[in-house]
Asker: 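Before anything else, here's the structure in question.
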Amino acid sequence: MTPPLTASPAWQALQAHATALRNQHLRDLFAADAQRGERYTLQAAGIYLDYSKQRITDETLRLLLALADEAGLRQRIDAMFAGERINTTEHRAVLHVALRAPRGADIRVDGVNVVPEVHAVLDRMAAFAERVRSGAWLGHGGQRIRNVVNIGIGGSDLGPVMAYEALRHYSARELQFRFVSNVDGTDFAEAVHDLDAGETLFIVSSKTFTTLETMTNAHSARDWALAHFSGDVSAVAKHFVAVSTNAEAVSKFGIATDNMFGFWDWVGGRYSMDSAIGLSTMLAVGPAHFRAMLAGFHEMDEHFRSAPFAQNMPVLMGLLTVLYADFFDAQTQAVLPYEQYLKRFPAYLQQLTMESNGKHVTLAGAHVDYDTSPVYWGEPGTNGQHSFYQLIHQGTRLIPCDFIGFGKSLNPLGRHHDMLLANVFAQGQALAFGKTADEVRAEGTPEVLVPHRVFEGNRPSNTLLLDVLTPAALGKLVALYEHSVFTQAAVWRINAFDQWGVELGKVLAQRIIPQLEADSEPALAHDSSTNALIRRYRQMKGA
Ligand code: G6Q
């Protein structure tokens, strides 16, 4: 029997090593090695990673790599690419890598090559996108489509929103894009407030086509559109398309399967922005840019699959996350893109990382006795600097940071970009090296203020540099984090591809909905708090 992770030789060795490591300061590590800032760097798929400001030595890296070997990471990677059903609790293969495999590649599920199907859907999406973008696709009343509203939630929303914002520079400006996810009616009402239904296309994006929020919004959208067309249901065909794996439910809703773009059960929701779920992205940026994004994803996939672990960027980043979560007690991880277009990237990553690795049992069902995913969070720079960075610099918690910067701006404007990048470098520097009491005193600071102005430093960070935010660069970046998450899960022996934790609340809500809607006072048998809240709400709404 395999010993528990915490009893394994690699884990134990790392634990012993980390005790000494925790007392080492980055100032000393840099002082001891003039080459450190160049040695602990890596270039892969056009991304430059500087991890020299991590609290590591050669020995730490050796032990982390041993942990990856012991975890069977190589075999896990091979199993994913081979289409094995590594999502064991749902008995599914995990093949988002097939979504971006080039035409002609061969990736099999149960002996069937899925790549031709992937490209067949991409081709249909492209033909549709071209028709809408060129104005050949007309609304029911003969108007050109000017507004695209994606209705979806979770994995069917966060990727599309993030990618739309990230690639806005490349988008067709004559089309407006809106995203509706929340079951709060305000989300839908505000999204369509100023839109003309005659020139609006809805994409109902739902893998299952049963999700409460999405179906509720889709029905409201249908009502809203049909009100414009005096109830003429034939208008649905021109104003609604679906992205789903559930053809039956799609046609029941009234969307012809001709207007449905499919995907497969081996694509997890949070790994689906590069499937047909990315239809809004393709409508925005066009098929060529979408394919360039897929090529970027693929380049990182190939790097992850083939690079030795010591030079494997997602592997190193994943292992560093494990190091801080389990050996430095870091509770969170900040992702700080210095690129305005990536403003929704942290929100996207929250689902990717936390829904994947927020797990408390191993693949075998045993309760873990170590921490799994940290909380991921962040905001685009430099805004965060004027807000929560205070805590990162001088608070009591260790928060590893990923800084993401680009060599060129898509909107070069005077000195802006140099100032932006100066801030990236300055923040990493301040976090790592801080400012000692002697340095503070030397500036003439009154003694009483010295402790307040000391920066302890020794706060770790990665700096990721890319050339410019292209569709390909976005693909590379997303794949980098996907595979970092995969690496973490392999070490933690958890299933990164299920999400049972979102089920309970959904089931309970289904029980409560009729109690809120009932005409007469329902008999309630919940706990006393839930009972009282339901009664109070019924009073508030005047039931
Ligand atoms: C993602 C999750 C979840 C899912 C949504 C929407 O990995 O499974 O966020 O994407 O619940 O599901 P549907 O696409 O089925 O509506």
Side-chain angles (χ1 to χ4, degrees), residues 80 86-97 99 121 149-163 179-184 187-188 202-222 240-250 252-253 255 260-281 344 346-359 372-373 376 478-479 481-486 488-489 494-510:
M80 172 168 73
I86 60 170
N87 175 356
T88 47
T89 61
E90 296 179 315
H91 195 57
R92 286 178 182 163
V94 174
L95 271 184
H96 40 278
V97 293
L99 297 171
V121 174
V149 181
N150 186 76
I151 299 179
I153 196 164
S156 301
D157 168 69
L158 287 159
V161 179
M162 182 279 287
F179 297 85
V180 176
S181 52
N182 200 335
V183 77
D184 182 337
D187 203 9
F188 179 76
F202 290 97
I203 305 175
V204 185
S205 296
S206 176
K207 182 173 167 180
T208 55
F209 228 72
T210 56
T211 306
L212 171 89
E213 291 88 340
T214 302
M215 295 328 296
T216 307
N217 279 317
H219 280 103
S220 297
R222 200 169 177 275
F240 285 82
V241 297
V243 178
S244 188
T245 56
N246 186 349
E248 201 185 320
V250 168
K252 215 164 149 199
F253 180 84
I255 299 176
M260 168 178 153
F261 300 89
F263 58 116
W264 306 271
D265 76 346
W266 42 261
V267 183
R270 55 192 171 277
Y271 296 88
S272 67
M273 60 169 274
D274 44 346
S275 71
I277 289 291
L279 184 61
S280 57
T281 315
R344 293 301 303 266
Y348 170 78
L349 278 188
Q350 288 196 316
Q351 184 190 24
L352 177 67
T353 57
M354 296 198 274
E355 203 175 35
S356 295
N357 286 344
K359 306 291 161 65
T372 58
S373 182
Y376 277 75
V478 173
Y481 280 93
E482 285 177 348
H483 299 320
S484 164
V485 163
F486 185 95
Q488 296 161 32
I494 58 178
N495 184 357
F497 301 106
D498 61 9
Q499 57 282 316
W500 300 104
V502 303
E503 293 301 323
L504 179 60
K506 283 196 213 171
V507 172
L508 296 182
Q510 287 296 355

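As the structure lists them, so they are numbered: ligands from 1, and atoms in each ligand from 1. Residue numbers run from 1 in the order of the sequence given.
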Asker: Judged by atom type as modelled, is there a donor-acceptor pair below 3.5 Å linking the side chain of D498 to the main-chain atoms of E90?
Answerer: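 Pair absent, no side-chain N/O of D498 close to backbone of E90.
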Asker: Which residue pairs pass the salt bridge (charged side-chain N to carboxylate O under 4.0 Å, His left out) test when at least one of the two sits in residues 151-163, sequence neighbours left out?
Answerer: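 Salt bridge (charged side-chain N to carboxylate O under 4.0 Å, His left out) check on residues 151-163 returns no pairs.
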Asker: Taking S181's backbone N and O only, do any of them form a donor-acceptor pair with D187's side chain (distance below 3.5 Å, no angle check)?
Answerer: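 Looks like yes, one N/O pair under 3.5 Å.
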Asker: Is it the case that more than 12 heavy atoms not belonging to E248 sit under 6.0 Å from its CD atom?
Answerer: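 Counting neighbours around CD of E248, 12 or fewer heavy atoms of other residues, nucleotides or ligands fall under 6.0 Å, so no.
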Asker: Please output the residues near ligand 1 using a strict heavy-atom distance under 4.0 Å, listed in chain and residue-number order.
Answerer: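 Within 4.0 Å of ligand 1, protein side: I153, G154, G155, S156, S206, K207, T208, T211, G269, R270, Q351, E355, Q499.
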Asker: With a sphere of 6.0 Å drawn around CZ of R344, does it hold more than 12 non-hydrogen atoms of other residues, nucleotides or ligands?
Answerer: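 It does not: R344 CZ has 12 such atoms or fewer within range.
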Asker: So, T245 side chain and K207 main chain: donor-acceptor pair closer than 3.5 Å or not?
Answerer: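 Such a contact is found between T245 side chain and K207 backbone.
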